[in-house]
Structure formats: structure tokens, C-alpha cells
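What follows is a set of notes on a single structure, which appears directly below.
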Amino acid sequence: MSLQEELLSFASSVGDMFRRRVAETPDGLAFLDPDRAPEGPNLWTRYTWEESRLLVDQLAAGLLARGLAREQRVGIISTTRLEWILLDLAVACAAGATTTVYPNTAAGDVDFILDDSGTCIVVVEDATQLAKVEASPTLRAAVHTIVVIDTAHVELNDRVISYTQLQLLGAELLKQNPGVVDEAIASTDHDTLSTLIYTSGTTGQPKGVRLNHASWIYEGAGVKHWRIIDDSDLQYLWLPLSHVFGKTLIACQIAYGFASAVDGRIDRIVDGLGEVKPTFMCGAPRIFEKVRAAVMTANTGLKGRVARWAFAVGRDSRGYRLSGRPMPGSLALKYRVADALVFSKLKAKLGGRMKFMISGSAKLSAQVQEWFYSAGLLIVEGYGSTETSAIAFLNVPTEPRFGSVGKVIPGIETKLAEDGEVLLRGPIITPGYHNLPDITAEVFSDGWYHTGDLGKFDAEGNLTITDRKKDLFKTSGGKYVAPQKVESAITANIPYISQAIAVGDGRKYCSALLVLDPALLRTWAEKRQLGYLSYAELSQRPEIRASIEKQMAKANARLERWETVKRFAILDHELTVDNDGVTPNMKIRRAAVTKRYGDIVDSLYDAEE
């Protein structure tokens, strides 16, 4: 039996994998759920695996009672919360398939996604999400049941029912037919459709990526094969579960048996970390960049000098700690002092027990990794996409390689095309896009999935992603520029920048459109008695521009000569989903942005060009 076959034999379906976890550790802690109090500390309710199974079975039976058939779609439009996970598992155990929808998705795209996927039951978080579904004439006929989690300001009826009502329906069906959920689980296998995730795409309509039960089984079993954690660990889970990265973490949790504290309220991450004290957390690069930026801009005066000294000591210690060598006595003493004065406070903000953090969904700057590691906090990077069920590569915490996304998940095949594009083959790869056979054919060749990303391997098989193939642009001097590299250098070296868009296709040099972090900008303003000014007014202050001009030199020092940013413009507003600047999962719509701000881009270049 090959390793791939061995890992696939871990379970026959997601429902089977869940049942096996419950049987193995029924009394083990599975989830922590906050009471969602708007102010003050939250109280967290503990759920064991067996208690979770009882809830999942009720919900699964409730879906069956509402007429859910095998592989029929159930949409979930909600922020990250325990109910999302329980409902998703219930869909799998009822032999249905989940259609994930970002809660910040515009009503028109919600209409398209639910219609294109053939969704017949929709779970919405609250009245706001319900309004998006009910506004669509198409969905009135197609969706026969809407389940509402938070029913405040919602009028229930035969079609619109509450989460609690769904549970009660399931409990009643289980009384009549105790084996109904077991029968549904038994009807699913590796090739049964499990999930439809619509990639928001930086251009065009969203595409539905089909992922079967085998994808999640292999993700869970493959990551467990690395043995990087155990069932005593606690994850802080805040990532959007509508995103493939968040979704695959559920599979990994079931495979490993660790517990998750589940709360998607981004404004409560710091509070939540302090309350539950997790041992690991996954996130997108921006969350780590924001933490670093907040620390760097908060420390001024004497505190700032002490912090800079501490991080200089941390920088000197990195080589020793990475290689496992003992530090010289004087450096070891300095590091202990730095830890006591500075690093311990940062660790405490993250709960005090953090073993490591994993960054995914976009490229993380090695500078950010090195900064955290200087403070004794390890961030490793993973790589994947919706089409690869999220984790295709991971730099495992026992072998950190800053700037690398590590080795391919055990048993999966990978290679580079002649032009450096990363190719993958194996059970984690989507069988194709929903209702789009021609586009599916475009990304597959001889069974190999073409990721669209360019990369290189080192001698040990660790992958470094260099950029998106389609995003590369060429200056008028004939030099190719990877915009992500330029943008990463900017956000890593200029704390006040939250978004950067490198431009320069066909031009003599690179320029950039910049967006300021609203929270840091507001703090800056209040320190200078300028709090009465708006974001737009503050963003155009000459002293802000002068500061960024000065710091841009640091960013440029990290780039090749032809990549350096010669000119930039600061936008007076953020890029959002509403203004079509970013996708629902916050990726910049590069083509749309450069077109919309074409006049500003043109102003960054001489008229004679």
C-alpha cells in the first residue's frame, strides 16, 4: 500500500472520520464557544466530542427532515462561529454538500452563487444575511428552507425557521428512526461531493470549486502524518470558514483530536487569546503584519529605544536558535533581559502559551517572520488554494525556513513546469469547477493541476513561491517585476500601510498605490490633536507623506534596482468589497484597481511617456 493509499484509508467519508474521532476520544474537549457578550470578558462553554456529536446528529436529522437528498447543496452564510462548524458537519453526515458564502458577499453575488450551485437549503447568520436571500426572485423558488441562527428582528414562518427549530425537527426524527443519520453517512464515500467553494476571483464571476470527501480526509490524515501537534493542543479559530483555509482546519482538528476555541469576531481576537490561552493559531499575513505594525508604532521615547534594543538582540540570537546552537553567554544574558522587558509582554498578548502560528492564503514577508522569531514567536508558512483543498505545502514548525512554504503534504506529487509554474497531482486536488468543463480543462494537463503560481525548490524539497504567473509585469526596460514581492516589501517596512498595489507595466519604473491602516492613522492623529480630521483628510497630510517617503527607502533596499518604487500615491479611502477594490476574502482586484485609478497611476509618470 502506498503512502497515498494509506492516508486515504483513514476514513471513508467526512462523517465516518467524525464518528471515528468521537469513538476515540468521546470525553475529550472539542470546542470552546464564547457567549458573545458585546462588552467585557466572554464566558466560554466547553463541548466534548460526544456532546458535539449529539448536536451534529440532531442538525443532520433536521436537514433530512426538511427533505435534503444526497449531494444536494446547503448554503451557509455566516461569520465564523461554532454553529457554522456543527452545521457543516451535519451536512456531511446527512450526505449533503455545503456551499460556502462569505458573509460580506454582495446580494447579487449571493444570488449567483446559490443559484449556480443549485442550493436548496440556506443557513444564514442573522436578519442582514436573510435579506440578501429573500431579495432574490430566483431563490424564492429554488430555496425551500432558510435556517436562521440569530433570529433577532426575523419573522419565522414555514420557510424561514430557526436553528433551534432545526434541532428539534432532528430530535423528533431520531426518535422515530434512530439510525437515519448513520444510514446517510454510509451512503457517502471518497467520491461524494462534500463542498462547493466559490473563488471570489480578482476578475469575472466566481467559480465553484468542487471538493469531494476525499479532499478533507486526505488533508486531515496528511497533516496528521507530520505529527506537528497532538490532541492536547488548543487552536484559536477565527479564520473565515467560508474560506478553504478555515474549512480545512476542521478536517485537521477531527483527524488530530485537538480542541478549537471558535470566534470569528476580529475585533475580539486579542481579548479571546487572553481568555482561552491557545497553543497555536492560523491566520492570513495581514493579521501578523498588523500586530507588528502596532508594536512598532506604539513604542516611542524610552520605551521605543528599549524595544529597538530588544529586537536587535533578538536578531542576533536568531541564527543560534534556528540551528539549535547555544548562544554565547553575553548574548544569552541580553536575550533573557530582552525577553523580560519586551518579548514576554508580546507573548502574553497572544495568551502566553503559543507554540507556533501558521500563515496562509497569501505570501508572508520573511521580514515579518524574522521579527516575530526575534521575540521568540514562531510563524511558519503554508501554501495552497481552494483547488488544492488549502494545505498543499507546509513549512513544519520543527524545521522553520523563513520565506519558504516548506514541503508538499505527504503522498502528494509535485513538480515545476518549464516556466517554473508549480504543478500538483493527488487526492487533495479538485475534480473541477462546477458547470465549467472548459475552464476545468484549462488548468489540468495529464492529471496535473496548474496552480498559476511560480516557484522554486531548494535541495531539501522546500518550495518558495515567487509570484502569481499572471500578475508579473514587464517594465519598458524589459525587466520582469513580481508585484507581490514589491508590495510585501512595502507593507513589511512601512507600518502605516495596510494595502499596496505595485504598478508599472510598460512603464520606465515601478510606482505604487498605497492605502493607510485606519486604526494606526487614527492613533497617529489623536497623539497630535488632529482627531477631528477625517480619514480622507489625514491620509493627505504632508507629514504623513514625508514619513512614508522616508520609510520607502527601507522597502526599496529590499528590492532589486528595477523593482524599486520611484513614486507613489496615497489613496484617500480604503479598498473594500463595496467599492470593488477587494474580493470577499480581501484579495486586491488588481486589474479593477489599476483601471479605476488609471488617472492617478498616469500622474506618477512623466507626461512624455
For [X] and [Y], test the side chains for any donor-to-acceptor distance below 3.5 angstrom and give the result as yes or no.
X    : Y    : answer
S117 : R73  : no
D189 : T192 : yes
D230 : S232 : yes
D109 : Y198 : no
T199 : T386 : no
Q253 : S260 : yes
S78  : Q129 : no

- Item | Aromatic plane relationship, F258 with Y256 - under 30° parallel, 30 to 60° tilted, over 60° perpendicular | tilted
If you draw a 6.0 Å radius around [atom1] in [X], do more than 12 non-hydrogen atoms from other residues or ligands fall strictly inside?
X    : atom1 : answer
Q176 : CD    : yes
K349 : NZ    : no
R70  : CZ    : yes
N157 : CG    : yes

Give the table of side-chain donor-acceptor pairs shorter than 3.5 Å for residues 429-438, with sequence neighbours excluded, one pair per line with atom names and distance.
| unit_1 | atom_1 | unit_2 | atom_2 | d |
| --- | --- | --- | --- | --- |
| T430 | OG1 | R210 | O | 2.6 |
| T430 | OG1 | G432 | N | 2.9 |
| T430 | OG1 | G432 | O | 3.0 |
| Y433 | OH | E387 | OE2 | 2.6 |
| H434 | ND1 | R210 | NH1 | 2.8 |
| H434 | NE2 | D116 | O | 3.2 |
| N435 | ND2 | D116 | O | 3.4 |

- Residue pair D16, S12: steps toward the side chain to side chain donor-acceptor pair (under 3.5 Å) verdict: CA-CA 6 Å; D16 178 48; S12 60; 3.2 Å; yes
- For the pair R19 and D57, find out whether any cationic side-chain nitrogen is under 4.0 Å from an anionic carboxylate oxygen. yes
- Query: Hey, are the side chains of F372 and V291 touching, using non-hydrogen atoms and a 4.5 Å cut-off?
  - Reply: yes
- Spell out, as yes or no, whether a donor-acceptor pair under 3.5 Å connects the side chain of H213 to the backbone of V14. yes
Per-pair distances, 0.1 Å, donor-acceptor, side chain in residues 274-289, under 3.5 Å, sequence neighbours excluded:
| unit_1 | atom_1 | unit_2 | atom_2 | d |
| --- | --- | --- | --- | --- |
| E275 | OE1 | W44 | NE1 | 2.8 |
| E275 | OE1 | R268 | NH2 | 3.4 |
| E275 | OE2 | N42 | N | 3.2 |
| E275 | OE2 | R268 | NH2 | 2.6 |
| K277 | NZ | G274 | O | 3.0 |
| T279 | OG1 | D233 | OD1 | 2.7 |
| T279 | OG1 | L234 | N | 3.0 |
| T279 | OG1 | L234 | O | 3.3 |
| R286 | NH1 | E289 | OE1 | 3.3 |
| R286 | NH2 | D517 | OD2 | 3.1 |

